[in-house]
> 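One structure is given below, represented as structure tokens, and several questions about it will come after.
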Amino acid sequence: MPSSPSLAPPADETGARMAALLEQMDQGVIMVDADLTVLAINGPLYALFGESPDLLPGADYAGLVRFLAKRGEHGPGDVEAIVARQVDSARRADPALQEHRRPDGRVLEIRTRRSPSGGFVRTYTDITDRKRAEEDLASQRELLRLTLENMGQGIVLLDHDLRFRTYNAKALELLGIPDAVMRATPTLRDVARFQLATGLLDLPPGTPDFGDDVEAKLRYLLERLARPEREFVYARPQGDGRFLEIRIVPLPDGGQVRTYTDITDRLIADEAVRQSREILKGVIDSIPALIDVRDRDRNIQLVNRYHRETYGPAGEPPAGPAEEHAADLDRHVVESGRGVPFFEASGSDGAGRRRDWLTTKMPLTDESGAVTHIVTVALDITARKRAEAELRDAQASLIQAEKLASLAQMVAGVAHEVNTPIGVTLTAISHLGEEVARIRTLFAENRIRRSDFQDFLDVAWETTRMILSNIERAGGLIQSFKQVAVDQASGERRPFDLAAYVDEVLLSLRPRLRRTKVTVETDIAPDLVVDGYPGAFAQVLSNLVINALVHAYDEGEAGRIVLSAREEPAGWVTLRYADDGKGIPDDIRDRVFEPFFTTRRGLGASGLGLSICRNIMTGTMRGSIAMENGPARGTRFLLRFPLRVADVSGYPPAQR
């Protein structure tokens, strides 16, 4: 093989032209005669193997192969065996076309042609880029195939004649078409006919009745769905009960891409959601409360029937302070992300009538916790508020009646108490009058003796002392009655000595107590002065004692009531009431302070005694009353109130 030029010097001008032509070719070329002598090698062939013309050995083709084999061009193995195989293959020109991958990764396409003289000509073309492109294309095709086969949708490609060219297994499954039918590259008409004939395809609702005429059904479908002008999506029922969503995308060449999605589960879920919404709407509409749902900007999204009946079809409450307050609360819910507990509010309904509401507001949030909606629930408490007002009026009237009844009992009791000293006084005055008449007669007849006058003086002195004593007693009774009566009637605040005032109240109850065998004992710290409402306190004390006389003891039964009071803690009075009566059963202990609750209604009890006590203690006296646990027999109450009771305006006396 020549070592300097790439081609032996031509013998004539034709040879020179051939050499020039070989050098201009893109492929590498080698020409070998029957004796395996290399006749010509062009420059591109040297370039393909990365060798310069002076490095390759001389004109022997076997030597050239050996040189390349030693450099690893033909892979591992015995060099001479490789040379023998390569030479034999070249002589036979078999194969005529082959690919050779070089150690550097490039791919050469080798074409071999036998020459008439027994030699051969080989061309070498670098097809690395083409192979890479083919491999990339194959990889993309495989990726596309895997993608199509792993899609949850069926997908098909139709050419301009609407013939199926490409499809995935999901399409065959959803359409119910055997693979053998698809391999025959059917048209859209063929597939639709097959589905109609086998019952795999149902016509949509509203389709004319074609009976068993498959061709009529086919024409009806294809006229409407074969070639839409633009992307088109529709749903259709399948003969097996499923529903498919079909998307048709026209292609510029007249073909189509069609996707098939099984939407049966979605439709079932949508129907379940629709039914759930209908049920929820029915439940919400049946709730006797206003319910409205607003977005963050307070736009109404949902209201229930009661809301519409209250505010009309528009559902918007009338403007005003109530609506402004509601807007402020909605903004608070959005900003804080927290609901608003139940609160009472008033406003006008759609007809302008005043309504009272018990309202709460709750936030609805998204997955990130941001507030998306505000739910408002309002209970109509107008009737309840009206009933409460009427009940308060009734209670006030009953309390006033109870006060008057207490005063009446006090009047009767005091009248009875005063009657005794007044009677004694009248008797004493009558006796004194008789003695005065007797001594006057003796004086007029001049028959008076010293002893008669001395007897008269003794009688006059004793009678006068008795009159003064009983008059003072009657005056004290009247003064005590007057003070207690004024306190209960006026309800004014004043300082009072607790021990002395309890005695005055018990004095007014003495006529009632005398008719029983129940005694009342007191143990109250001296000099315990309360600045408060003595009339209200007298009402509480009277009710406790009378309640015990009515409920705790049977007629003629002996009993004992103890009232004790101390200042504990500082600034507060703790008063304990205890009796040894029947006690209160456990099953009604929680109800004793309820208005109108009584176990002796048929015997004249109103059920207001302890209820009035609680109202006075928690309201007027600014304190408390509660039952205490004690021995098995009897009842105990614990009363607490401040030494300086705030007035009804809520301010302590020093701040007025």
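No hydrogens, no waters, no symmetry mates; every other heavy atom, side chains included, goes into these values. Owing to the predicted nature of the structure, the values given are computational and were not obtained by experimental measurement.
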> Under a plain distance cut-off of 3.5 Å, with no hydrogens placed, do N299 and D295 share a side-chain donor-acceptor pair?
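The answer is yes; a qualifying pair exists.
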> About how many Å separate OG1 of T463 and CZ of F456, when rounded to the nearest 0.5 Å?
9.0 Å
> Evaluate L643 against E567 for side chain to side chain contact (heavy atoms under 4.5 Å, CB included), listing each step before the verdict.
CA-CA 8 Å; L643 274 175; E567 182 182 358; 3.2 Å; yes
> Kindly say whether C613 contributes a backbone atom to a donor-acceptor pair with the side chain of N543 at under 3.5 angstrom?
no
> Is there side-chain contact between V375 and L364, with at least one heavy-atom pair below 4.5 Å?
yes
> Output the distance between atom CG (D380) and atom CG (D356), rounded to the nearest 0.5 Å.
8.0 Å
> Any side-chain heavy atom of L513 sitting closer than 4.5 Å to one from T519?
no
> With a 6.0 Å cut-off (strictly less than), is the heavy-atom count around CZ of R384, excluding the residue itself, greater than 12?
yes
> Near R450 CZ, under 6.0 Å, is it more than 12 heavy atoms from other residues, nucleotides or ligands?
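Result for CZ/R450: open.
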> Heavy atoms only: give me the nearest P585-G583 pair and the separation to one decimal.
CD-O, 4.0 Å
> Given side chains that start at C-beta, do those of L541 and L563 come closer than 4.5 Å, heavy atoms only?
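The answer is yes; the side chains approach within 4.5 Å.
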> When you measure from the side chain of Y533 to the backbone N and O of R494, does any donor-acceptor pair fall under 3.5 Å?
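Checking the backbone N and O of R494 against the side chain of Y533, no donor-acceptor pair under 3.5 Å is found.
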> Got a sec, which residues hit side chain to side chain contact (heavy atoms under 4.5 Å, CB included) with A578, two or more places apart in sequence or on another chain?
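For A578 the side chain to side chain contact (heavy atoms under 4.5 Å, CB included) partners, ignoring immediate neighbours, are R636.
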> Would you call K281-D285 a salt bridge at under 4.0 Å N-O?
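D285 and K281: salt-bridged.
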> Search all heavy atoms of R640 against all heavy atoms of L638 and return the closest pair with its distance.
NH1-CD2, 3.3 Å
> Sequence neighbours excluded, which residues qualify as side chain to side chain donor-acceptor pair (under 3.5 Å) partners of D527?
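Listed in chain order: nothing, the list is empty.
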> Any heavy-atom pair between the side chains of T376 and L290 that's under 4.5 Å?
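Side chain of L290 against side chain of T376, heavy atoms only: no contact under 4.5 Å found.
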> Just verifying a value: how many Å separate R242 CZ and I263 CD1, rounded to the nearest 0.5 Å?
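One gets 11.5 Å once the value is rounded to the nearest 0.5 Å.
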> Among all residues two or more places apart in sequence or in another chain, which pass the ring pair (Phe, Tyr, Trp, His ring centres under 6.0 Å) test with F243?
none
> Hey, does the side chain of T360 reach the backbone of V340 with a donor-acceptor pair shorter than 3.5 angstrom?
yes
> Which heavy atom of I612 sits nearest to which heavy atom of Q539, and what is that distance?
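Scanning both residues completely, I find the closest heavy atoms to be CG2-CG, 4.2 Å.
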> Taking only residues two or more places apart in sequence, or in another chain, which ones meet D292 in a side chain to side chain donor-acceptor pair (under 3.5 Å)?
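D292 satisfies side chain to side chain donor-acceptor pair (under 3.5 Å) with R294 only.
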> Please enumerate all residues that pass side chain to side chain donor-acceptor pair (under 3.5 Å) together with R560, with sequence neighbours excluded.
E521
> What is the distance from atom CZ of F593 to atom CZ of R614, rounded to the nearest 0.5 Å?
7.0 Å
> State the CD-CG distance between E245 and L267, to the nearest 0.5 angstrom.
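Separation between the atoms: 9.0 Å.
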> I need the minimum non-hydrogen distance between W572 and G623, along with the two atoms involved.
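Heavy-atom minimum between the residues: CZ3-CA, 4.5 Å.
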> Between CE of M617 and CZ of F537, what distance do you get to the nearest 0.5 Å?
8.0 Å
> Under the side chain to side chain contact (heavy atoms under 4.5 Å, CB included) criterion, do T359 and L379 qualify, and how do the steps go?
CA-CA 6 Å; T359 306; L379 303 173; over 6 Å; no
> Hey, are E568 and R576 close enough for a salt bridge, meaning a charged N less than 4.0 Å from a carboxylate O?
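Result for this pair is yes, salt bridge flagged.
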> For F443, does the CZ atom have more than 12 heavy-atom neighbours from other residues, nucleotides or ligands under 6.0 Å away?
no
> Is any side-chain heavy atom of V505 closer than 4.5 Å to a side-chain heavy atom of S542?
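Yes; the side chains approach each other to less than 4.5 Å.
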> Can you tell which of V293, I279, N304, V377 makes a side-chain contact (heavy atoms from CB on, under 4.5 Å) with I284?
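Output: one option passes, namely N304.
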> Let's go through E628 and Y577 carefully: what are the C-alpha distance in whole Å and the side-chain angles of both, what is the deciding distance for side chain to side chain contact (heavy atoms under 4.5 Å, CB included) to 0.1 Å, and is it a yes or a no?
CA-CA 9 Å; E628 279 193 311; Y577 163 94; over 6 Å; no
> Do you know which two heavy atoms are closest between G347 and A322, and how far apart they sit?
CA-CB, 4.1 Å
> Has the side chain of T522 got a donor or acceptor atom that lies under 3.5 Å from a matching backbone atom of I524?
no
> Would you indicate whether the side-chain heavy atoms of F637 and L544 approach each other to under 4.5 Å?
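Yes, at least one pair of side-chain atoms sits under 4.5 Å.
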> Going by an N to O cut-off under 4.0 Å, is there a salt bridge joining R566 and D523?
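Looking at R566 and D523, the cut-off is met.
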> Under the ring pair (Phe, Tyr, Trp, His ring centres under 6.0 Å) rule, collect the residues that match up with F496, sequence neighbours excluded.
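Testing F496 for ring pair (Phe, Tyr, Trp, His ring centres under 6.0 Å), a comparison that skips the adjacent residues, returns Y501.
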> Under 6.0 Å from the CZ atom of F453, do we count more than 12 heavy atoms belonging to anything else shown?
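Atom CZ in F453 is not packed in, count stays at 12 or less.
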> Would R353 and S348 satisfy side chain to side chain donor-acceptor pair (under 3.5 Å), going step by step from the backbone distance to the final call?
CA-CA 5 Å; R353 295 184 297 266; S348 299; over 6 Å; no
> With no hydrogens and no angle check, just 3.5 Å: does a side-chain donor-acceptor pair link D366 and T372?
no
> Any side-chain heavy atom of L610 within less than 4.5 Å of one from N547?
yes
> Salt-bridged, R266 to E271, with N to O below 4.0 Å?
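Salt bridge flag = no for E271 with R266.
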> Go through the steps for R298 and E323 under the test salt bridge (Lys or Arg N to Asp or Glu O under 4.0 Å), then give the verdict.
CA-CA 11 Å; R298 300 200 75 242; E323 181 62 9; 3.3 Å; yes
> Quick check: does any side chain N or O of S286 sit under 3.5 Å from a backbone N or O of V283, one acting as donor and the other as acceptor?
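Confirmed, S286 side chain pairs with V283 backbone.
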> So do the side chains of F641 and V530 get within less than 4.5 Å of each other, counting heavy atoms only?
yes
> What's the shortest heavy-atom distance between A536 and M621, and which atoms?
CB-SD, 4.4 Å
> The test is side chain to side chain contact (heavy atoms under 4.5 Å, CB included); show your working for I584 and V592 and say whether it passes.
CA-CA 9 Å; I584 299 175; V592 295; 3.8 Å; yes
> Is the closest basic N to carboxylate O distance between K582 and D554 below 4.0 Å?
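Here K582 pairs with D554 in a salt bridge, since their nearest N and O are under 4.0 Å apart.
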> Determine, for R305 against E309, whether the closest basic-nitrogen to carboxylate-oxygen distance falls under 4.0 angstrom.
yes
